[in-house]
Amino acid sequence: MLRFQNTLSGKVEEFVPLTKGQVRMYTCGPTVYDFAHIGNFRTFVFCDILRRHLRLSGYQLLHVMNLTDVDDKTINNSRAAGLPLAEYTQRYSEAFLEDCQRLQIERPEKIVRATDHIQDMAHTIRLLEEKGFTYRRDNSIYYSIEKFPGYGKLSKIDLSGIRSGARVDQDEYAKADARDFVLWKAPKPDEPFWETEVGPGRPGWHIECSVMATKYLGDTLDIHVGGTDLAFPHHENEIAQAEALTGKTFSRYWLHCEHLVVEGQKMSKSLGNFYTLRDLLGKGYSAAAIRYLLAAVPYRKQLNFTMDGLRQAAASIERLENFRFRMTTMPFPEGENVEIAAKAAAFPEAFQNALDDDLNTAQAMGVLFELVRDANTSIDAGQFRKGNITAILKCLDRWNEIFQVLPASEAGNETDKKTVEGTLSDTDVEQKLQDRRNARKARDFALADRIRDELIAAGILVEDTAEGARWRRKS
RNA sequence: GGCGCGGUACCCAAGCGGUAAGGGAGAGGUCUGCAAAACCUUUAUGCGCCGGUUCGAAUCCGGCCCGCGCCUCCA
């Protein structure tokens with residue numbers, strides 16, 4: 001039984017979609033004003049694991065994610081870069097999607113841009129005006145939260161303590177009540193604006209998500225996800241906008257991903273611990289290790305992202321790759337080991353149960369590693385049989401369909417690596433191994449070791465076994 | 001101040017009333033020409049602290065200490 005911690009109720013609830021077998025979910029995507037950082041990617045990796053788990057649990061998915069391509073930050077940065085807004089945001093939208101690809105984040109069924117939905121937003125604002133939830137000031141339009149009785153139900157925030165004038169950002173836009181938020185911003189000189197049925201201007205941030213989510217997913221979504229900081233005010237405002245209009249529940253489940261800290265401290269540019277994906281790849285860490293670390297800690301727990309953690313993640317992946325290497329290259333006697341067969345057969349359910357429990361990824365990893373150790377022990381004891389290989393590899397693949405840190409297959413990996421410049425081809429490697437074999441036969445171990453070192457330097461791992469040397473490319 | 005999350009071995013981390021998963025790192029061992037890989041043993045009589053409930057608590061209750069987040073369009 002699949003269960004999620006629902007922010008709306010504050011409890012763990014069984015997940016039952018509105019339509020049997022179908023899940024409609026929405027993710028608050030990035031604002032494309034710069035390269036996304038690893039904190040952003042923790043949320044998106046979490047969404048990805050959620051998606052994959054739902055899909056592999058048999059649900060048909062309709063997942064929508066937005067790209068915020070018009071707001072203060074995008075406007076300011078594009079101006080600083082001397083580029084038109086659309087050109088500027090296009091650049092970072094593409095960078096974001098590239099980064100997602102490197103992290104094996106599946107593409108949602110639909111990715112939507114705010115600027116493609118300006119008229120939809122204006123129309124929704126018009127309807128909210130007609131229903132009396134708004135007011136105008138200096139050609140901007142605000143949402144009056146006192147008109148929406150349910151305000152605060154998601155974040156459980158008590159707004160009575162926030163008084164007008166206190167703790168309010170010095171927004172150039174005048175609000176009647178500090179707690180209100182802007183739906184539509186009046187045009188300003190040097191800022192892009194659109195002509196719409198509510199007049200010229202540009203949309204506030206919150207309106208895009210409720211408009212695009214309901215447009216593509218209907219009045220009521222099954223799941224809405226985002227970073228924990230978005231619960232208030234962003235998601236609270238989305239609810240206020242959508243439910244004021246439809247009178248229906250906007251989203252039935254709200255999942256919030258906890259933030260990460262870096263080396264125990266909040267990530268910030270001034271502390272020098274602010275990392276984009278590109279920064280880390282540039283330091284030589286693999287995308288797989290980054291994904292592993294981001295996925296290994298369950299999403300509701302704060303994750304301490306460290307360079308040591310990345311090394312540990314890489315070592316863990318290495319262990320799994322070594323294991324698959326053994327599975328695919330070692331000779332085993334015919335037959336089947338019933339104990340191993342039973343353990344492999346028990347894997348899918350244990351794995352499923354771990355993820356069903358509010359996506360307990362740490363446990364889901366543990367389940368696999370236990371199987372790996374059991375199989376390795378069996379191999380070393382000479383008990384492993386050829387007939388067990390397929391089932392074990394299936395477990396590995398099933399696990400990897402969620403975590404996506406191992407190459408899809410050895411064959412795929414080889415092809416990929418061969419195209420990389422400066423690496424040795426298979427025949428080169430075989431030739432060097434032949435040289436090394438001869439050297440060893442002649443008991444010239446110094447030469448043999450030198451050849452092995454050369455291969456290691458080229459990313460080729462050599463292992464001597466009773467059946468001769470075997471090798472693989474190290475990722 | 002309000003709301004929320006968390007403190008489990010050297011590091012990461014599961015565990016949600018029945019006697020401490022898993023990964024990484026270290027130490028010792030097996031195997032090996034040497035490695036590598038793998039396996040075995042080992043590293044928390046104790047889960048922030050103090051009380052309480054219970055036959056039994058890391059797990060429940062009360063109090064306290066510490067870290068972090070949100071309450072400012074920062075995932």
Side-chain angles (χ1 to χ4, degrees), chain A residues 7 10 12 27-31 36-47 68 71-73 152 155-162 167-171 178-179 181-182 204-206 225-234 236-237 256-261 264-268 292-293 296-298 300-306 308-309 311-323 325-326 330 354 357 360-370 372-373 375-381 440 443-446 448-449 452-453 456 461-466 469-472:
Chain A
T7 309
V12 176
T27 301
C28 286
T31 301
H37 56 69
I38 47 168
N40 296 311
F41 285 117
R42 182 191 193 188
T43 299
F44 299 123
V45 166
F46 149 65
C47 289
T68 299
D71 79 321
D72 294 347
K73 296 191 294 283
S155 53
K156 277 91 185 160
I157 197 154
D158 177 14
L159 288 173
S160 59
I162 303 178
R167 297 208 68 153
V168 185
D169 58 301
Q170 298 309 308
D171 202 322
R179 307 169 299 173
F181 59 93
V182 67
W205 175 38
H206 313 297
V225 301
T228 181
D229 60 313
L230 295 185
F232 185 88
H234 185 54
E236 201 68 70
N237 293 348
H256 287 103
C257 186
E258 186 52 70
H259 282 189
L260 56 72
V261 293
Q265 289 183 296
K266 184 174 176 161
M267 184 167 62
S268 77
Y292 185 104
L293 181 55
V297 178
R300 288 197 302 111
K301 181 166 171 161
Q302 195 175 70
L303 161 65
N304 186 12
F305 192 96
T306 64
D308 189 48
R311 282 184 285 272
Q312 294 186 7
S316 301
I317 294 169
E318 182 79 14
R319 179 170 167 84
L320 296 177
E321 287 182 347
N322 281 326
F323 177 68
F325 185 46
R326 297 188 109 191
M330 279 182 87
D357 183 14
N360 192 337
T361 47
Q363 187 149 70
M365 286 188 166
V367 170
L368 198 251
F369 279 105
E370 281 182 69
V372 168
R373 198 204 334 96
N376 270 328
T377 304
S378 166
I379 291 170
D380 284 6
R440 291 184 77 208
R443 301 201 67 79
D444 183 354
F445 295 118
D449 289 351
R452 185 171 61 198
D453 289 343
I456 287 170
L461 211 83
V462 183
E463 295 181 12
D464 296 318
T465 71
R470 55 181 189 184
W471 64 279
R472 70 183 178 86

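Numbers restart at 1 for each chain; the letters A, B, ... are given by sequence-line order, proteins then strands. What you are looking at is a predicted structure, and each value in this text was computed from that prediction instead of being measured.
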Establish whether the base of [N] is bridged to the side chain of [X] by a donor-acceptor pair shorter than 3.5 Å.
X	N	result
A:Asp308	B:G24	no
A:Arg452	B:C34	yes
A:Gln302	B:C68	no
A:Arg440	B:G33	yes
A:Glu370	B:G22	no

*Under 3.5 Å donor-acceptor, A:Arg42 side chain and A:Glu258 backbone*: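 Yes; judged by distance alone, with no hydrogens or angles, the pair exists.
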*asked:* Within the structure provided, determine whether A:Arg440 and A:Asp464 are in side-chain contact (heavy-atom separation under 4.5 Å).
replied: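 Heavy-atom side-chain distance check passes, below 4.5 Å.
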*Say you pick atom P in B:C55 and the same atom in B:C10; how far apart are they, in whole Å?*
35 Å
*Nearest-angstrom distance, C1' atom, B:C66 to B:G24*: 26 Å
Base, sugar-phosphate or nothing for [X]? Non-hydrogen atoms, less than 4.0 Å.
X	answer
A:Asn360	sugar-phosphate
A:Thr465	nothing
A:His259	base
A:Phe445	base
A:His37	base

Base paired to [N] (Watson-Crick or G-U; both N/O distances under 3.5 angstrom):
N	value
B:G18	B:C55
B:C73	none
B:C10	B:G24
B:U45	none
B:U32	none
B:C68	B:G4

*In B/S/- notation, 5' to 3', how is nucleotides 37-43 of chain B contacted by protein heavy atoms closer than 4.0 Å?*
SBSS---
*Rounded to the Å, how far apart are A:Gln265 CD and B:C66 C1'?*
16 Å
*Can you tell me how far P of B:G24 sits from CD1 of A:Ile317, to the nearest Å?*
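Interatomic distance, CD1 of A:Ile317 to P of B:G24: 12 Å.
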